[in-house]
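Read the structure below first, then the notes.
Lettering of chains follows the sequences in order, A, B, ..., and the numbering in each one begins at 1.
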Number of protein chains: 2
Amino acid sequence: MTDLPLADLDVFAAVAQHRSFRAAAKLRNVSASSLSDSVRRLEARLGVRLLNRTTRSVTPTDAGERLLQRLRPGLADIAAALDGVNDFRDRPVGRLRLNVPGIVARTILPDIAARFLALHPGITLEVSTNDALIDVIGEGFDAGVRYEESLQPDMIAVPIGPRLQHYVAAAAPGYLAAHGVPAHPQDLLQHRCILHRFSSGRMLAWVFEEKGGRELSILPPARIIAETSDLEVELACRGLGIVFSFEDFLRPALARGDLVSVLQDWSPSFSGPFLYYNSRHHMPSPLRAFVEFLRAEHKRAEAV
Amino acid sequence: MTDLPLADLDVFAAVAQHRSFRAAAKLRNVSASSLSDSVRRLEARLGVRLLNRTTRSVTPTDAGERLLQRLRPGLADIAAALDGVNDFRDRPVGRLRLNVPGIVARTILPDIAARFLALHPGITLEVSTNDALIDVIGEGFDAGVRYEESLQPDMIAVPIGPRLQHYVAAAAPGYLAAHGVPAHPQDLLQHRCILHRFSSGRMLAWVFEEKGGRELSILPPARIIAETSDLEVELACRGLGIVFSFEDFLRPALARGDLVSVLQDWSPSFSGPFLYYNSRHHMPSPLRAFVEFLRAEHKRAEAV
DNA sequence: ACGACCTGTTCGGATATTCGTACAATGACT
DNA sequence: AGTCATTGTACGAATATCCGAACAGGTCGT
C-alpha cells in the first residue's frame with residue numbers, strides 16, 4: 001500500500017496516453033528528459049518494460065497497456081477528489097483548459113474571459129486555439145468551443161457568446177472605387193476575392209442569404225487563399241480584394257473605415273458557437289463555474 | 001487532469017489516516033520533516049488547511065476529511081494496478097508486510113520464511129512483531145498472524161505452521177534436584193514459577209490436560225513475572241524456577257540439557273496459528289503467493 | 001537511395017526535495 | 001500544579017530530481 005511511485009506512474013500514464021514523450025512534456029510544461037527519466041525509473045523498479053519506444057513511436061507493451069487501463073480510473077478519481085476541495089472554498093481555484101477555434105479566441109472570447117476571470121480570481125484560464133481538433137477531451141482539455149453541433153455522445157453543449165453571428169463581405173474603399181460595388185452575390189464572380197482555407201483543407205464557402213430566406217452559396221474566383229484570418233483582413237485593407245469573414249472580426253476595420261461592407265442585404269447569419277464538455281467525466285470546479293457563468297449570461301441576454 | 005501533486009497527496013493520506021506525522025514517517029521509512037513539508041506544500045497549493053495539528057494531535061479539517069475519503073479508493077486502485085504488473089512476470093516482485101506475535105517470529109516463522117523466500121527471490125519480507133495489535137490491515141500490513149480465531153468480518157484465515165502446538169513446563173536439572181520433580185499440576189503450587197505477562201497486562205494461565213482430556217488451569221505462585229520469553233527461559237536455565245512456554249521455543253534449551261521438561265503426561269496442546277488477511281482489499285501478489293505457499297504446505301502436511 | 005527533420009535518450013549543471021538535529025508546545029501523569 | 005516524554009516544525013547540509021543542449025536513430029519525402 002505504501003511507497004507508491006505516484007509521480008512516475010502519472011508520468012507513465014501521460015506518456016502512454018499521448019504515445020509521445022515530447023507531447024506529454026509540452027502539455028504539462030516539463031522537459032521531455034524528465035519524463036524519460038521517470039519512465040525509466042518506473043520500469044527499473046517494476047522490472048518490466050512498459051513502453052516500447054523507438055525514436056519515432058511510443059507503444060505500450062502488454063504490461064504497459066494493462067497498467068495504463070487499470071491506472072486511469074484511479075488517477076481520474078484522485079483528480080476529482082482534489083478538485084472536491086473547492087467545495088470548501090467560496091470561490092473555486094484551479095485551471096480551466098479550453099480549446100477554441102482561433103476566430104473565437106479573438107472575437108467573442110476576450111470579453112467573456114475578462115468578465116469571468118474578474119469574477120473568479122482563483123481560476124487560471126488556459127486557451128489553446130485549434131480549428132481542427134475534435135477529440136477535445138482526449139487531448140487533456142476540460143472543454144472545447146465549436147460551431148458545428150457535435151454528434152458525439154455524452155457531450156453537453158452550452159451556448160457561448162452571441163446566438164446569432166453574421167458573415168460580412170467587405171473590401172477597401174479604394175478597391176470598390178476601382179472595381180465597382182457588387183450588387184448581387186453573382187457579381188462576386190467578376191471580383192478578386194480572398195478565400196479562407198481551414199486547416200483541414202476545406203475551403204470556406206461564401207454563403208449568402210436573401211431577405212426572404214433563400215440561400216445562395218458561391219465559390220468566387222480566388223485571388224488569394226489564406227489560412228489566417230488576420231492576413232486576409234490585412235490584404236483586404238490594402239485593396240487586394242473582397243474578404244468574407246465574421247462580422248465580429250471585421251468590425252474594427254469597418255469602424256476605422258479601412259473596410260466597407262458590401263452586399264449587406266445578403267448578409268448571412270448563422271448560429272453562434274457552443275461550449276462542449278463530456279458529461280461522463282468528473283466536472284472540475286472551474287469548468288462548472290464557467291458553465292454557470294455562461295448559463296447566467298445566456299439567461300440575461302434572453303431576458304433583454 | 002494534469003499536474004497532480006500525487007506524491008504530496010499520498011503523504012497527506014498517510015498522515016491523515018495515522019493521525020500522526022511521525023507514525024506515518026516510520027511506516028514509510030522517511031523523515032517526519034519531509035512529511036511536514038509535503039503537507040504544507042499541498043495546503044499552500046490548495047489554499048485550504050487540511051490538517052489541524054498541535055504537537056499532540058493531528059486531526060483532519062472538514063476539507064481534509066472529505067479529501068481523504070475521496071482519495072483513498074483512487075490510491076487503492078493505483079496500488080492494485082501497480083501490483084497487476086506482476087501478472088506479466090513469472091515470479092511476483094514486491095513487499096510482504098506481516099505482523100506476527102513475537103513468539104511466532106522466533107519459532108515457526110524462520111523455517112517457513114526461509115523456504116518461501118527461496119522460492120520467490122523477488123519478494124521482500126517485512127516482519128513486525130506485535131503481540132497486541134488487532135487491526136492489522138489498518139496499520140498498513142498485508143496480513144497478520146494470530147492464535148485466536150478472529151471474529152472480524154471479511155477476514156480470511158489460513159493455517160500457518162504446525163496445526164498442533166504444545167505448552168511445556170520445564171526447569172533446570174539443578175532446580176529439580178533441589179526442589180523435587182512435580183508429579184501433578186497441583187504440585188506446582190509448592191514450586192517457584194516463572195510467569196508470563198502479555199503486553200496487554202493479562203497473565204498467561206498454565207493450562208494442563210490430562211490424557212483423558214480433562215483440563216486443569218493453574219495460576220502458580222510467581223517467583224518471577226516477565227514479559228519477554230527469552231528472559232524467562234534464561235532464568236529457568238539458571239535454576240530460578242519452572243518455566244511454562246511453547247515447546248517449539250524451549251526445544252533448543254531442552255536439547256542442550258539446560259532444561260528438563262516436567263509433567264509430560266499433562267502437556268497441554270492447542271491449535272496452531274492462522275494467517276489473517278482482509279478479503280475485501282485487493283490481494284497483493286506477494287500475499288497471494290504466500291497464501292498459496294501456505295496452502296500447499298498444509299496439504300502436504302496433511303497427506304503425510 | 002539519400003537527406004532532412006523529428007524523436008527519445010544522455011550528460012553535466014541547476015534546482016527542489018529530503019534529511020537530521022534542535023526547539024517550542026502540548027497533554028498525561030504524579 | 002509541576003514534570004516530562006513526545007509531538008510537529010524550522011533550518012542548514014546532503015541528496016535526488018529536473019532542465020537544456022548535444023547526440024543517435026528512425027521515418028518520411030524527394
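With no hydrogens or angles considered, a side-chain donor-acceptor pair links B:Asp8 and B:Ser38 at under 3.5 Å. For the residue pair A:Arg91 / A:Asn86, no side-chain donor-acceptor distance below 3.5 Å is found, with atom types taken as modelled.
Every residue meeting the side chain to side chain donor-acceptor pair (under 3.5 Å) condition with B:Arg66, not counting sequence neighbours, appears here in chain and number order: A:Asp87. Listed by chain and residue number, A:Arg40 satisfy the side chain to side chain donor-acceptor pair (under 3.5 Å) test with A:Asp37 (two or more places apart in sequence, or in another chain).
Between B:Arg53 and B:Glu43, at least one side-chain nitrogen of the basic residue sits less than 4.0 Å from a carboxylate oxygen of the acidic one, meeting the salt-bridge criterion. A salt bridge does not link A:Arg70 with B:Asp83: every distance from a Lys NZ or Arg NE/NH1/NH2 to an Asp or Glu carboxylate oxygen is 4.0 Å or more. No salt bridge links A:Glu65 with A:Arg72; every basic N to acidic carboxylate O contact stays at or beyond 4.0 Å. Ionic pairing of A:Arg97 and A:Asp142 is not present here: no N-O contact between side-chain nitrogen and carboxylate oxygen is shorter than 4.0 angstrom.
Atoms CZ and OH, from A:Arg288 and A:Tyr277 in turn, are 9.0 Å apart once rounded to the nearest 0.5 Å. Distance check: A:Leu6 CG to A:Leu75 CG gives 8.0 Å after rounding to the nearest 0.5 Å. Note that CD of A:Gln17 and CG of A:Leu27 are 9.5 Å apart. Values are rounded to the nearest 0.5 Å.
Axis orientation changes by 40° from one end of the helix from C:dA1-D:dT30 to C:dT30-D:dA1 to the other, with each end axis drawn from 5 pairs and the value rounded to 10°.
Between the side chain of A:Ser36 and the backbone N or O of A:Ala32 there is no donor-acceptor pair closer than 3.5 Å.
Among B:Leu125, B:Ile123, B:Thr124, the single residue meeting the side chain to side chain contact (heavy atoms under 4.5 Å, CB included) criterion with B:Pro286 is B:Ile123.
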Which atom pairs link the protein and nucleotides 26-30 of chain C when you take only N or O atoms and keep those under 3.5 Å?
residue	atom	partner	partner atom	Å
C:dT26	O4'	B:Thr55	OG1	2.7

Identify the pairs formed between an N or O of the protein and an N or O of nucleotides 13-15 of chain C at a distance under 3.5 Å, and give each distance.
none

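Residue B:Arg41 places at least one side-chain N or O under 4.0 Å from the OP1 or OP2 atom of C:dT18.
Here C:dT7 presents its C1' atom at 14 Å from CG of A:Leu51, a figure rounded to the nearest Å. The interatomic distance linking A:Leu35 (CG) with C:dT7 (C1') rounds to 13 Å, in whole Å. If you measure from atom CG of B:Leu42 to atom C1' of C:dT17, you get 15 Å, rounded to the nearest angstrom. If you take CZ of B:Arg40 and P of C:dA16, they are 16 Å apart, rounded to a whole angstrom.
Residue order along DNA chain C, read from the 5' end via each residue's closest nucleotide, puts B:Ser34 first among B:Arg22 and B:Ser34.
Note that the first and last nucleotides of DNA chain D, 5' to 3', having any atom under 4.0 angstrom from a heavy atom of chain A are D:dT17 to D:dT27.
A:Ser31 comes within contact range of at least one nucleobase, with a heavy-atom separation under 4.0 Å.
For C:dG20, the base has a donor-acceptor partner in the side chain of B:Ser33 [N/O atoms by modelled type, under 3.5 angstrom].
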